[in-house]
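If you're wondering where the values come from, they're calculated on a predicted model, not measured in any experiment. Just so we're on the same page: letters track the sequence lines, and every chain starts at 1.
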There are 2 protein chains.
Amino acid sequence: MAKAKTDEFTADEIWLADVAKSLSHPARIAILKLLTELDNCMVGSIVEQLPLSQSTVSQHLKELKRVGLIDGEIDGPRVCYCVNANVLIRAKKALDKLFSKIGCC
Amino acid sequence: MAKAKTDEFTADEIWLADVAKSLSHPARIAILKLLTELDNCMVGSIVEQLPLSQSTVSQHLKELKRVGLIDGEIDGPRVCYCVNANVLIRAKKALDKLFSKIGCC
DNA sequence: CCGTAATATCGTATATTTACGATATACGAT
DNA sequence: ATCGTATATCGTAAATATACGATATTACGG
């Protein structure tokens, strides 16, 4: 029943799982890709490129922002999002650490 | 209503999101960590270390196996799981590619 | 063959995610 | 002040995820 026993895991484990969760939808992967490629990262541009409604895209952006993978900067009546490299690097390091000593049984 | 519009995204995006999904629970992060640390990777050993029931752990193992992050090898009456480095490397490369050109608006 | 141990699967309850349209908010222009 | 545009939030329905106990399966030892 999805009883949140998260306190039984380490903060690192919970954090990495949370970042992974934010990456666990193709739309959010696509959004991150767009943010690294487009010279224009207004929400409207993103919505145009995705097969999803504006409100749904907004929800996905909120999820990415929640874990800090992107930041939104208000630009007049628009919002400009961009990738937060720091969080990204931290996530990659955590992954590397997790798998630094792969050795099997 | 979670209408699966996944065909609108690229295979790469879907795959990476799927791997991320399999990493999106602290128990599964913990399992992967255990598999890289324990000299004994029987299911029983994993269950012992986690605050979850045997059936729940088995479900998590199934999810990790589904995306190929781990392989299970039958060893008598037990099953020995280990990390699949190939899938892992592929995932890391996909992440690196995704973020190779971080440049903001 | 039978019992025991290890693991997987089933059934099921609850929680969370995903999606959309409708509505609210914020801002710039007129 | 009002209008139009851009974005966020609300309400909600359907899908999926998580958890557990109970049961099935598999393999070995006697």
**Q** Is it true that a side-chain atom of A/Arg78 and a backbone atom of A/Cys41 form a donor plus acceptor pair closer than 3.5 Å?
**A**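 No.
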**Q** Could you tell me the separation between the CG atom of A/Leu64 and the P atom of C/dT18, rounded to a whole number of Å?
**A**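 Atom CG in A/Leu64 sits about 11 Å away from atom P in C/dT18.
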**Q** Establish whether B/Val67 and B/Val57 are linked, either directly or via other cluster members, by ILVMFWY side-chain heavy-atom contacts under 4.5 Å.
**A**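 Yes, it is one cluster - the side chains of B/Val67 and B/Val57 are joined through contacts under 4.5 Å.
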**Q** Any side-chain N or O of B/His60 less than 4.0 Å from the OP1 or OP2 oxygen of D/dA17?
**A**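 For B/His60, the contact criterion (side-chain N or O under 4.0 Å from OP1 or OP2 of D/dA17) is not met.
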**Q** With respect to A/Glu63, which candidate in A/Arg66, A/Lys65, A/Gln59 satisfies the side chain to side chain donor-acceptor pair (under 3.5 Å) definition?
**A**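 Single side chain to side chain donor-acceptor pair (under 3.5 Å) partner of A/Glu63 among A/Arg66, A/Lys65, A/Gln59: A/Arg66.
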**Q** Say you draw a straight line from CG of B/Asn84 to CG of B/Asp71; how long is it, rounded to the nearest 0.5 Å?
**A**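 B/Asn84 atom CG to B/Asp71 atom CG measures 4.5 Å (nearest 0.5 Å).
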**Q** Side-chain N or O of A/Ser53 less than 4.0 angstrom from OP1 or OP2 on C/dA19?
**A**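 Answer no for this pair, as no side-chain N or O of A/Ser53 is under 4.0 Å from OP1 or OP2.
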**Q** Return the orientation label for the B/His25 and A/Phe9 ring planes: parallel under 30°, perpendicular over 60°, tilted otherwise.
**A**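 Rings of B/His25 and A/Phe9: perpendicular, over 60°.
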**Q** Distance check, rounded to the nearest 0.5 Å: B/Lys62 atom NZ versus B/Ser58 atom OG?
**A**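 Interatomic distance, B/Lys62 NZ to B/Ser58 OG, rounded to 0.5 Å: 8.0 Å.
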**Q** State the CD-CD distance between B/Glu8 and B/Glu13, to the nearest 0.5 angstrom.
**A**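 The CD atom of B/Glu8 sits 11.0 Å away from the CD atom of B/Glu13.
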**Q** Atom CD of A/Gln59 to atom C1' of C/dT18: distance rounded to whole Å?
**A**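 In whole Å, C/dT18 C1' and A/Gln59 CD are 7 Å from each other.
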**Q** To 10°, what angle do the rotation axes through the five end pairs on each side of the helix from C/dC1-D/dG30 to C/dT30-D/dA1 form?
**A**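 Computed from the C1' atoms at both ends, the axes differ by 20°.
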**Q** Rounded to the nearest Å, what distance is computed from the NE2 atom of residue A/His25 to the P atom of nucleotide C/dT16?
**A**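 That distance rounds to 18 Å.
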**Q** With rounding to the nearest 0.5 Å, note down the distance linking CG in A/Asp18 to CD1 in B/Ile29.
**A**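 A/Asp18 atom CG to B/Ile29 atom CD1 measures 10.5 Å (nearest 0.5 Å).
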**Q** Listed by chain and number, what are the salt bridge (Lys or Arg N to Asp or Glu O under 4.0 Å) partners of A/Lys92, not counting sequence neighbours?
**A**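 For A/Lys92, the residues satisfying salt bridge (Lys or Arg N to Asp or Glu O under 4.0 Å) (neighbours in sequence not counted) are B/Asp96.
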**Q** Between B/Glu73 (CD) and C/dA8 (P), how many Å, whole number?
**A**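 Nearest whole value for this atom pair: 13 Å.
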**Q** Whole angstrom is fine here: how far is it from CG in B/Asp75 over to C1' in C/dA6?
**A**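 That distance rounds to 11 Å.
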**Q** Nearest whole Å is fine: how far is D/dC20 P from A/Glu8 CD?
**A**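 One finds 10 Å between P of D/dC20 and CD of A/Glu8, rounded.
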**Q** Once you round it to whole Å, what is the distance between P of C/dT16 and NZ of A/Lys62?
**A**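 After rounding, the reported distance stands at 15 Å.
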**Q** Could you give the NZ-to-C1' distance, from B/Lys21 to C/dT18, as a whole number of Å?
**A**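 Atom-to-atom, B/Lys21 to C/dT18, this comes out as 13 Å.
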**Q** With a 4.0 Å cut-off on heavy atoms, is A/Glu63 in touch with a base, just the backbone sugar-phosphate, or nothing at all?
**A**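 Nothing, no heavy atom under 4.0 Å.
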**Q** Between the protein and nucleotides 3-8 of chain D, are there any N/O to N/O pairs under 3.5 Å, and if so, what are the atom names and distances?
**A**
unit_1 : atom_1 : unit_2  : atom_2 : d
D/dT7  : OP1    : A/Val43 : N      : 3.1
D/dT7  : OP1    : A/Val79 : N      : 3.4
D/dT7  : OP2    : A/Gly44 : N      : 2.7
D/dA8  : OP1    : A/Tyr81 : OH     : 2.4
D/dA8  : OP2    : A/Ser58 : OG     : 3.1
D/dA8  : N7     : A/Gln54 : NE2    : 2.7
D/dA8  : N6     : A/Gln54 : OE1    : 3.2

